[in-house]
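In what follows, chains carry the letters A, B, and so on, assigned in the order in which the sequence lines appear, proteins first and then strands, with residues in each chain numbered from 1. Below, each value reflects all heavy atoms present in this structure, side chains not excepted, and no hydrogens, waters or symmetry copies.
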Protein chains: 2
Amino acid sequence: MMFESLKKELKKRNINLSYQRLKILEYLAQNQCHPTVDQIYTDIQKSIPTLSKTTVYNTLKKLVEEGLVRVINIEDTESRYDINIEDHGHFKCENCGNIFDFSINMDSLVCNGLDNFRIFDRHVYFKGICPQCS
Amino acid sequence: MMFESLKKELKKRNINLSYQRLKILEYLAQNQCHPTVDQIYTDIQKSIPTLSKTTVYNTLKKLVEEGLVRVINIEDTESRYDINIEDHGHFKCENCGNIFDFSINMDSLVCNGLDNFRIFDRHVYFKGICPQCS
DNA sequence: TATTAAATTGTAATAATTACAAACTTGTAA
DNA sequence: TTACAAGTTTGTAATTATTACAATTTAATA
């Protein structure tokens with residue numbers, strides 16, 4: 001099986017290398033389009049017919065806890081998942097619904113009022129209309 | 001009835017001044033703690049016993065469409081509402097669950113990859129541990 | 001290869017949100 | 001001030017996303 005680097009990431013964190021987990025991670029690595037649980041489940045089910053949606057939820061939860069994957073909550077109706085954990089922003093087009101990545105320099109953002117707050121996670125998202133829909 | 005300025009905002013946008021809408025707006029103005037639908041519903045129901053949760057949803061939807069209120073989606077399990085539509089960031093404490101406002105200068109954030117994107121809405125939120133919980 | 005702990009599965013339960021039609025209000029104009 | 005049309009509220013039912021849980025299966029290790 002491929003994706004030795006992903007396996008190493010799991011081993012490093014003492015996460016068992018189950019077939020389902022590897023397939024979900026592989027899927028996220030190959031589909032960096034911020035898929036929903038339903039998209040992940042539906043697509044992987046083609047190669048693992050017995051796959052349960054609960055497993056997708058469990059796996060994503062674990063991957064997020066371990067910092068291998070990030071959740072994107074832009075709409076209240078859907079959580080999306082992103083294997084790219086570098087600082088970057090998300091742009092959601094209100095017309096076509098697509099989510100685009102854009103690069104940001106988080107350190108450039110001037111903030112006030114966070115003295116003595118311990119920050120683990122920083123999210124930036126914009127909404128509007130993408131060039132294709134304009 | 002008080003809150004003449006809120007009434008004016010509604011009139012300006014041709015939104016009918018129903019009692020429920022005024023009460024919901026008044027509540028949001030007096031409770032800038034980013035309440036959930038359930039909190040809004042439960043609290044206002046004390047003064048309007050016949051209030052329906054559907055009305056709260058309908059009203060919030062309309063207020064958001066008209067730009068009088070913003071939705072905050074930090075957790076996938078709950079949408080929160082904010083009458084403060086100035087640029088500002090939200091910090092969610094992962095221990096106590098409270099959401100804190102902090103000030104940001106959006107123009108200071110260096111972004112790339114958004115040429116020809118029309119931006120309507122910009123959101124910034126951080127997660128971590130607040131000073132009290134540290 | 002046997003053992004033990006952990007993961008997967010499927011179903012049922014929960015929670016948030018939306019759809020919808022009947023009853024009720026609001027704004028407007030006579 | 002009243003009457004009408006358009007818009008709003010209400011309550012219930014439906015939908016959707018997510019979680020709980022127990023039985024079965026699988027992975028890691030000795």
Item to complete: With sequence neighbours excluded, tell me which residues meet side chain to side chain contact (heavy atoms under 4.5 Å, CB included) with B:Y57.
Response: B:V37, B:K53
Worksheet item: So what is the end-to-end bend of the helix from C:dT1-D:dA30 to C:dA30-D:dT1, with 5 pairs used at each end and the value given to 10 degrees?
Response: 40°
Separation of [N] [atom2] from [X] [atom1] (nearest whole Å):
{"X": "B:I48", "N": "D:dG11", "atom1": "CD1", "atom2": "C1'", "result": "16 Å"}
{"X": "B:L22", "N": "D:dG7", "atom1": "CG", "atom2": "P", "result": "18 Å"}
{"X": "A:Q39", "N": "D:dT18", "atom1": "CD", "atom2": "P", "result": "12 Å"}
{"X": "A:I44", "N": "C:dA7", "atom1": "CD1", "atom2": "P", "result": "17 Å"}
{"X": "B:Q45", "N": "D:dT10", "atom1": "CD", "atom2": "C1'", "result": "12 Å"}
{"X": "A:E75", "N": "D:dT16", "atom1": "CD", "atom2": "C1'", "result": "15 Å"}
{"X": "A:L51", "N": "D:dT25", "atom1": "CG", "atom2": "P", "result": "17 Å"}
{"X": "A:Y41", "N": "C:dT8", "atom1": "OH", "atom2": "P", "result": "14 Å"}

Identify, with sequence neighbours excluded, every residue that meets salt bridge (charged side-chain N to carboxylate O under 4.0 Å, His left out) alongside [X].
{"X": "A:D87", "value": "A:R122"}
{"X": "A:R21", "value": "none"}
{"X": "B:R118", "value": "none"}
{"X": "A:K127", "value": "A:E75"}

Response to the item:
Students should find that the hydrophobic cluster of B:I72, defined by side-chain heavy atoms under 4.5 Å apart, otherwise consists of A:I72, A:I74, A:I99, A:Y125, B:I74, B:I99, B:Y125
Item to complete: Just compare C:dA7, D:dT10, C:dT8 and give me whichever is closest to any side-chain atom of A:T59.
Response: C:dT8
Worksheet item: With distance as the sole criterion, is a donor-acceptor pair present between the side chains of B:H123 and B:N73 under 3.5 Å?
Response: no
Worksheet item: With respect to the phosphate group of C:dG10, does any side-chain polar atom (N or O) of A:S52 fall under 4.0 Å of OP1 or OP2?
Response: no
In a table with atom names and distances, give each donor-acceptor pair under 3.5 Å that connects a side chain of residues 107-115 of chain A to protein atoms at least two apart or in another chain.
residue : atom : partner : partner atom : Å
A:S108  : OG   : A:N105  : O            : 2.6
A:S108  : OG   : B:S108  : O            : 3.4
A:S108  : OG   : B:V110  : N            : 2.9

Practice prompt. Kindly indicate, with the supporting measurements, whether the criterion ring pair (Phe, Tyr, Trp, His ring centres under 6.0 Å) is fulfilled by B:F120 and A:F126.
Written response: CA-CA 7 Å; B:F120 300 153; A:F126 293 176; over 10 Å; no
Worksheet entry | Contact pattern, 5' to 3', of nucleotides 16-30 of chain C - B, S or - by protein heavy atom under 4.0 Å | SBBBB------S---
